[in-house]
Protein chains: 2
Amino acid sequence: MEWSDVRIFLAIAREGSLGAAARVVGQTQPTMGRRLRALEAALGQALFQRTTDGFVLTDEGAAVMASAERMEEEALAFERRLAGRESTLSGQLRLAASDWFGSYVLTPVLAEFARRHPSVTVELLTDARLYSLARREADLAFRIKAFDEPDVISRRLLRMPYALYARRGDPRPRKDGRGTRLVTMNAAFGGMPDVTWLKKHLPQASVAFTSNNREAQARMCAEGIGVAVLPTALGEAFPELRRVDLGDPPPSRDTWLGYHKDLKRLNRLRSLLELLAERFAE
Amino acid sequence: MEWSDVRIFLAIAREGSLGAAARVVGQTQPTMGRRLRALEAALGQALFQRTTDGFVLTDEGAAVMASAERMEEEALAFERRLAGRESTLSGQLRLAASDWFGSYVLTPVLAEFARRHPSVTVELLTDARLYSLARREADLAFRIKAFDEPDVISRRLLRMPYALYARRGDPRPRKDGRGTRLVTMNAAFGGMPDVTWLKKHLPQASVAFTSNNREAQARMCAEGIGVAVLPTALGEAFPELRRVDLGDPPPSRDTWLGYHKDLKRLNRLRSLLELLAERFAE
DNA sequence: TTCTTTCCATGCAAAAATGCATGAACAAAA
DNA sequence: TTTTGTTCATGCATTTTTGCATGGAAAGAA
């Protein structure tokens with residue numbers, strides 16, 4: 001049995017089709033089909049049923065799925081261990097953060113880092129989905145909660161203050177919020193503390209626009225669509241916006257960073273962590 | 001990183017040279033060298049130091065050795081799981097036993113099995129070293145002790161009686177053994193119960209020949225070199241030998257068989273186990 | 001020292017794997 | 001029904017990998 005084919009087996013099992021699996025492992029569909037056939041021939045058993053809607057694991061395939069997954073985990077650990085020992089200040093560094101945090105908070109620091117270490121390529125992924133640190137989809141991730149994945153080192157980076165913003169020149173909202181329109185997070189984020197805060201301070205206000213994208217909220221707010229609770233780092237970047245003080249500021253939120261412990265000694269990561277700590281020292 | 005190259009890494013780490021590793025994985029020395037180079041290039045780090053006496057792991061290589069070994073374990077488990085589901089009565093069946101046990105005790109049963117199941121290839125390994133059931137170096141092993149490896153199913157097969165043998169026509173040993181010469185196990189097997197038994201019954205006898213090979217002992221005994229304690233299954237096979245009764249028979253020994261639990265459902269193994277149980281029923 | 005053995009690197013030809021293009025099968029949409 | 005969009009299999013040219021043969025370096029034996 002060719003060990004590399006186990007990786008292909010996993011990809012097909014997860015994706016359900018040769019083409020999709022090929023994209024995952026970076027090969028072509030015919031190759032995937034041929035390697036799978038070779039694997040099944042070597043094992044003497046069929047791992048998939050070729051059904052009309054894709055490749056479905058046979059009992060045999062399902063029986064070895066767990067082994068294949070553990071094999072993958074060890075392969076990933078193998079690579080992480082080694083990456084953690086790279087002492088050069090070169091190579092790639094992949095960060096994952098929410099969109100506005102990446103653009104407005106991180107970029108200044110990353111620019112400085114890039115200037116200091118020209119042989120390090122920084123890749124910033126701003127994406128709603130959570131990248132896996134264990135699979136090394138990202139080397140460093142930023143979130144608004146502490147990380148609870150195993151083997152991930154989690155640290156509080158900074159406390160991000162929030163404020164209510166309105167378009168410069170627009171009238172100040174009435175006390176109960178009647179007549180005021182709101183720009184807020186998506187319904188999916190209903191539980192967010194700033195939504196609660198808004199309900200308390202402007203109970204009569206109506207919702208004009210929602211989005212899962214803070215920057216889109218800021219732009220809509222700048223267009224005068226409504227008032228919005230925004231991270232100050234974002235709000236202050238728009239000259240059209242003006243802070244509105246309702247006496248009690250909206251709740252601030254912590255931002256955490258996390259990285260896999262195997263990468264603790266990765267020098268380029270360490271350098272960036274130091275710079276981040278320095279720039280965001282409270 | 002190519003997963004298959006991890007296997008090559010392991011082989012080189014264990015063997016210490018490209019040529020030896022090539023023999024283990026069934027490839028050639030140049031290929032091993034090139035694959036290793038490719039692996040190191042992909043990882044960006046050297047895994048071995050090329051010293052005058054072979055390939056020695058660097059710190060980096062040592063750091064990932066454990067991951068590579070666990071990866072191998074999972075690969076082996078993958079294959080075992082699948083083998084355990086093969087329902088056909090064909091394919092290979094590899095047995096490991098001590099030399100005389102294999103030749104004199106097993107062969108009759110194996111011959112019968114081979115006749116019954118012509119599409120199963122039985123391979124009998126008689127070798128001093130212990131084959132690993134976990135690595136599937138053998139599907140079924142016979143030993144004189146219960147197996148204590150994890151995940152191995154161990155069962156007592158039979159009790160093998162032993163007896164003292166001398167060449168037919170040679171004089172019976174004196175009561176204290178003075179003047180009698182002995183053919184026994186190697187010094188390395190000093191603690192064997194038959195040695196103790198000999199010391200007790202023929203304390204004055206001297207040792208003429210030792211070997212770790214019971215059959216060699218039987219042949220030397222048949223040549224008249226000395227008396228020997230042999231398994232009766234072996235002793236009775238030599239017409240030149242005659243049983244010598246000293247009143248109290250030498251201790252008999254149990255023979256155990258063991259196989260990996262993942263192979264419990266392997267039909268060809270089950271058939272052989274049934275036949276063995278039948279033929280050796282007490 | 002010289003001879004022998006062992007081991008790794010490399011050139012080159014043969015073999016194998018890969019990717020592209022295409023065709024067939026099938027399901028969903030028009 | 002026809003059309004459209006997916007998905008897998010296969011032929012073929014190309015690229016890549018492999019094995020063989022050879023040479024050189026180093027260590028041990030004579």
Side-chain angles (χ1 to χ4, degrees), chain A residues 1-62 64-65 68 71-72 75 78-79, chain B residues 1-62 64-65 68 71-72 75 78-79:
Chain A
M1 179 181 80
E2 201 65 42
W3 287 14
S4 293
D5 290 346
V6 176
R7 218 176 126 231
I8 282 163
F9 161 77
L10 265 180
I12 299 176
R14 286 176 181 147
E15 301 299 322
S17 87
L18 297 185
R23 252 165 275 131
V24 171
V25 302
Q27 276 184 329
T28 59
Q29 168 261 318
T31 299
M32 300 300 280
R34 289 187 276 234
R35 304 296 300 241
L36 175 61
R37 219 182 309 151
L39 178 64
E40 291 183 326
L43 298 169
Q45 265 152 311
L47 298 173
F48 292 98
Q49 258 182 311
R50 278 75 171 165
T51 73
T52 58
D53 49 19
F55 282 61
V56 177
L57 285 170
T58 58
D59 287 355
E60 286 72 29
V64 294
M65 189 66 186
M71 213 173 146
E72 180 189 42
F78 185 109
E79 294 178 298
Chain B
M1 179 181 77
E2 201 64 43
W3 288 15
S4 293
D5 289 345
V6 177
R7 218 176 127 232
I8 282 163
F9 161 78
L10 265 179
I12 299 176
R14 285 175 182 149
E15 300 299 322
S17 87
L18 297 184
R23 253 164 274 132
V24 171
V25 301
Q27 276 184 329
T28 60
Q29 167 262 316
T31 298
M32 300 299 279
R34 288 188 275 234
R35 304 295 301 244
L36 175 61
R37 219 181 310 153
L39 178 64
E40 292 184 325
L43 299 169
Q45 265 153 311
L47 299 172
F48 293 98
Q49 259 182 309
R50 278 73 172 167
T51 73
T52 56
D53 49 22
F55 282 60
V56 178
L57 285 171
T58 58
D59 287 355
E60 286 72 29
V64 294
M65 190 66 189
M71 215 175 145
E72 181 190 40
F78 186 110
E79 294 178 297

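Below, read A as the first sequence line, B as the second, and so on, with proteins coming before strands; counting in each chain starts at 1.
The shortest side-chain heavy-atom distance between A/Leu10 and A/Met65 falls under the 4.5 Å cut-off. A 4.5 Å side-chain heavy-atom check between B/Leu39 and B/Glu2 finds every atom pair outside the cut-off.
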Start with the C-alpha distance between A/Gln45 and A/Thr58, add both sets of side-chain angles, then the distance that settles side chain to side chain contact (heavy atoms under 4.5 Å, CB included), and finish with yes or no. CA-CA 10 Å; A/Gln45 265 152 311; A/Thr58 58; over 6 Å; no

Stepwise, does the side chain to side chain contact (heavy atoms under 4.5 Å, CB included) test hold for A/Ile12 with A/Leu18? CA-CA 6 Å; A/Ile12 299 176; A/Leu18 297 185; 3.6 Å; yes

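Using a 4.0 Å heavy-atom distance criterion, B/Gly33 is classed as making no nucleic acid contact.
Applying the ring pair (Phe, Tyr, Trp, His ring centres under 6.0 Å) test to A/Phe9 and every residue at least two apart in sequence or in another chain returns A/Phe48, B/Phe78.
Across the protein-nucleic acid pair, A/Phe55 atom CZ and D/dT6 atom P stand 18 Å apart, rounded to whole Å.
In this structure, A/Ser17 contributes its side chain and A/Gly54 its backbone to no donor-acceptor pair below 3.5 Å. With A/Ser4 contributing its side chain and B/Ser4 its backbone, the two residues share a donor-acceptor pair below 3.5 Å. At least one donor-acceptor pair closer than 3.5 Å links the side chain of B/Glu40 to the backbone N or O of B/Leu47.
If you walk DNA chain C from 5' to 3' and mark each nucleotide with an atom closer than 4.0 Å to a heavy atom of chain B, the marks span C/dC8 to C/dG11.
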Readout for nucleotides 11-26 of chain D: B = base within 4.0 Å of protein heavy atom, S = sugar-phosphate only, - = neither; 5' to 3' it is B-----SBBBB-----

